[in-house]
Amino acid sequence: MSILEEMNPVQQEAVKHVDGPLLILAGAGSGKTRVLTHRVAWLISECGVNPWNILAITFTNKAAGEMRERVDRIVDFGAEDVWVSTFHSMCVRILRRYIDRLGYERSFTIYDTDDQKTVIKEVCRQLEIDTKIYKERSLLAAISSAKEELLSPEAYEKQAAGNYQQNRVASVYRAYQARMKSNNALDFDDLLVKTVELFEQHPDVLEYYQERFKYIMVDEYQDTNTVQFRLVSLLAARYRNICVVGDDDQSIYKFRGANIHNILDFEKTYPEAKVIRLEQNYRSTQNILAAANGVIRNNTERKAKTLWTENEEGDKVRLEQCQSEQEEALSVARDIARNISAGKGQYKDYAVLYRTNAQSRVLEEKLIMLNIPYRVIGGVNFYQRKEIKDILGYLKTIGNGRDDVAVARIINVPKRGIGAASIAKADDYAQNLGINLYESLRMADGIPGLNKAAAARISAFVNLIEVFRAKADYLSLSDLFDNILEETGYLAELTAEHTDEAQTRIENLDELRNKIVSYEKSESEPTLSGLLEQIALVAEVDSLDDSDNKVLLMTLHSAKGLEFPNVYICGMEDGLFPGYLSITSDDPSDLEEERRLCYVGFTRAMKTLKLSAAASRMQHGNIQRAKLSRFVREIPEELLDTAAPAAARPSIGASRINRPSMKTNAGRFNVSYFVPKGNQIVSGELEYGVGDTVRHVKFGTGKVLDIKKGGKDYEVTVQFERFGVKKMFAGFAKLKKA
DNA sequence: AATGCGATGCCTTAT
DNA sequence: GCATCGCATT
């Protein structure tokens, strides 16, 4: 029986459990994805379950895709009928169909955190709330956690009774929600909350989905929050065929409302539940696992379990203590370069993990220096860039005219002489009539206090949008995109600028176009709302591609659910990891969450794990000193290898360093003759001169206009064919004579 | 109306 | 160290 092949007895038991609630406690690397996919296959081929009746909720879209693919490989047909998606995508799908029952239009838009901030700002201005005292950030956090707990604005108000501050927050929450509705927009939390509302207020809809999803599976159950729990409970209430998989030791999303009791109390919610523990780890070496166990056993709030493995003992966990984050990053980069040139795997077998996104910068710098291809996951999002948000603003306006945030964003971009004063007048008018901003713009002539010329400019804008709307009916999305860039003059304005920055923006827009095209190719029925949805909900980890041979940089959070042969964890310092707030918190569970994060990090590693720390590091613009992380001290000493490799410790002022890759891989590491000396870069002879054509890894080819000797380095001015004139230091730019 | 400058405040983590 | 914001300047 192929489905059960190569599975251990416990895994088989989990796969074969068909009816009734099932809790699978799956330790890291215990093959839970395997169990989940095989269970889906089992239901379909062995139990005759209609694939249509199966719902599998995963944590990321990537995991969803993988699961579908793997099921597809095992079963003969029907895999495409299984609903595999994340909580958020599932909710959007349901809401697109039924949200009109809640008084929204089905063309609703999804607001990201930036859009939310804009709404909060407006709301605060209206309510005359000082955002110096009530920070937008914390207001949003309060609203978000209220939603996660399914507290409506009304309920929040009641709870706040008598508390002045809470009352203020309640009024912001109420106004925010009203504004969102008027904009026909939902934020991330709303997607879940509104689906629960839909189910609770419309039993016929709930019943439809209960009948539809007779078998439900939820992955990463330890990270579900209260709304998600409610959602799952509602769907599973009828057939109670619910299978959840999780590991309480890997619960790392308490900060966004995850309730660890959802998994700890599963047996209370479903007394008839069967519990299966997967404790054999197939991923990591004994040493890595022992180190992870050594750390996690210091937590008190956990279900006792011991992860074991039949894998080899493996290398010890390496630890390197550096002077600064610069030295740390350089050491990591060198280590990777050395290993690769020694034939130990490819770039994509290496991942560098850290606690905060800000740490990625130094690492990037050093990887570039050593010519190591890498990819950063997360951090500053592509979709947060101005030019991208602008064009998306047009698309949103075309799709949902009630999206005031989008309309306000683009009404004067590019400049059309519609200034803040005119917009304010239109906005007042809209408020008074209780209509949306765009609707008021359509009646520009009637807006009080607006002069003829301004009204005419507004009408021209409305006309522009209306033409786009008409075109949207017959143009493809990519054609519509081109049309917007063209007709608005957005592209022309950028092109006319002739600056490097404008050039980069054009490149970014090009990239956006690529994404639109690939969306069109991947969907059988591409729609504008579908595109915007994908942009809002698809995380960067989702697009990870195994064929992309690059070192991966990401936060420990993003790494959840992934595995790599070789893992580096940087910044193992008290105050950074565990974070300062968790150390000083009077709630000890905050520190425990950090410890679980550490456990998650360690268990991502298959073969080797290297930890590093810096004695001092630049944080918020000033140098902070820190002690070695307490988590490192929790690792049994005999598992640690603290001897730093010789080459990682260059004496200050050394003029030459060990460069093992130079001779064996001549040409590939063409910047290796730049030797770090303190913060300075010392260069050898340049292989190019003024007038030569050179090649830059990112900017392509160009002509050298000038070379100036500045301090210890050369400042090279290059006229690139596609990116214009750039000045760069020879020590950092990877220029090669072409 | 648009730009540019200096002060400010801020750091987890992410769909 | 970086981005955002308010204010002053043209």
Side-chain angles (χ1 to χ4, degrees), chain A residues 57-64 85-92 110-114 116-118 121 131-132 135-138 140-141 144 147-148 186-193 220 223-225 227-228 251-258 325 353-362 365 377-381 383-386 412-424 454 457 533-542 554-561 571 575-585 590 593-594 596-598 600-601 617-624:
Chain A
I57 299 173
T58 57
F59 205 72
T60 63
N61 288 296
K62 179 189 196 293
S85 72
T86 64
F87 272 107
H88 293 274
S89 322
M90 172 184 83
C91 290
V92 172
I110 301 166
Y111 275 8
D112 65 17
T113 316
D114 286 334
Q116 286 182 282
K117 266 197 190 139
T118 311
K121 248 180 246 164
T131 50
K132 288 239 166 62
K135 301 263 185 304
E136 292 139 23
R137 219 187 142 66
S138 48
L140 269 179
S144 181
K147 288 180 180 175
E148 275 152 8
L186 301 184
D187 62 29
F188 290 125
D189 300 311
D190 286 335
L191 295 175
L192 304 165
V193 174
E220 306 282 6
D223 281 321
T224 52
N225 59 29
V227 214
Q228 292 167 334
S251 161
I252 54 172
Y253 281 104
K254 190 175 143 198
F255 73 90
R256 68 176 209 209
E325 80 274 20
L353 311 180
Y354 35 79
R355 179 66 239 267
T356 63
N357 280 308
Q359 288 170 257
S360 74
R361 269 202 22 183
V362 218
E365 212 174 275
I377 304 294
V380 254
N381 198 311
Y383 296 108
Q384 286 171 354
R385 292 173 194 183
K386 183 188 178 302
N412 200 29
V413 178
K415 310 264 176 302
R416 320 187 155 83
I418 306 173
S422 305
I423 299 172
R457 288 194 289 266
E533 207 166 288
Q534 186 148 85
I535 288 171
L537 297 182
V538 173
E540 240 181 310
V541 217
D542 297 334
M554 67 184 95
T555 62
L556 289 150
H557 282 88
S558 297
K560 189 175 84 152
L576 182 61
F577 187 35
Y580 175 74
L581 291 170
S582 71
I583 295 174
T584 50
S585 163
D590 286 338
E593 171 137 318
E594 294 278 303
R596 290 192 292 270
L597 188 58
C598 182
V600 167
R617 112 171 25 238
M618 187 79 92
Q619 264 175 317
H620 323 142
N622 37 29
I623 291 164
Q624 305 277 336

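Since we're looking at a predicted model, the values are computed, not measured.
- Listed by chain and residue number, A:I110 satisfy the side chain to side chain contact (heavy atoms under 4.5 Å, CB included) test with A:A536 (two or more places apart in sequence, or in another chain).
- Residues forming a side chain to side chain contact (heavy atoms under 4.5 Å, CB included) with A:I423 (at least two apart in sequence, or on another chain): A:I411, A:I418.
- In this structure, A:D590 pairs ionically with A:K254, as a charged nitrogen and a carboxylate oxygen lie closer than 4.0 Å.
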Give me the distances for all protein-to-nucleotides 2-5 of chain B N/O pairs that come in under 3.5 Å?
residue : atom : partner : partner atom : Å
B:dA2   : OP1  : A:N412  : ND2          : 3.4
B:dA2   : OP2  : A:N412  : ND2          : 3.4

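- Among the protein residues, A:K121 comes within range of the sugar-phosphate backbone only, with heavy atoms under 4.0 Å from sugar or phosphate atoms but none that close to a base.
- In terms of the ring-ring contact (aromatic ring centres under 6.0 Å, His included) criterion, A:Y383 has no residue partners (sequence neighbours excluded).
- Nucleotides C:dG6 and B:dC11 are separated by 23 Å at their C1' atoms, to the nearest Å.
- The salt bridge (Lys or Arg N to Asp or Glu O under 4.0 Å) search around A:R617 returns A:E328, A:E573, not counting sequence neighbours.
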### Message
Walk along nucleotides 9-15 of chain B from 5' to 3' and tag each nucleotide B, S or - by protein heavy-atom contact under 4.0 Å, base first, then sugar-phosphate.
### Response
-SBBBBB
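- With sequence neighbours left out, the side chain to side chain donor-acceptor pair (under 3.5 Å) criterion links A:T86 to A:S89.
- Qualifying salt bridge (Lys or Arg N to Asp or Glu O under 4.0 Å) partners for A:D189, counting only residues two or more places apart in sequence or in other chains: none.
- Partners of A:F87 according to the ring-ring contact (aromatic ring centres under 6.0 Å, His included) rule, which considers only residues two or more places apart in sequence or in another chain, do not exist here.
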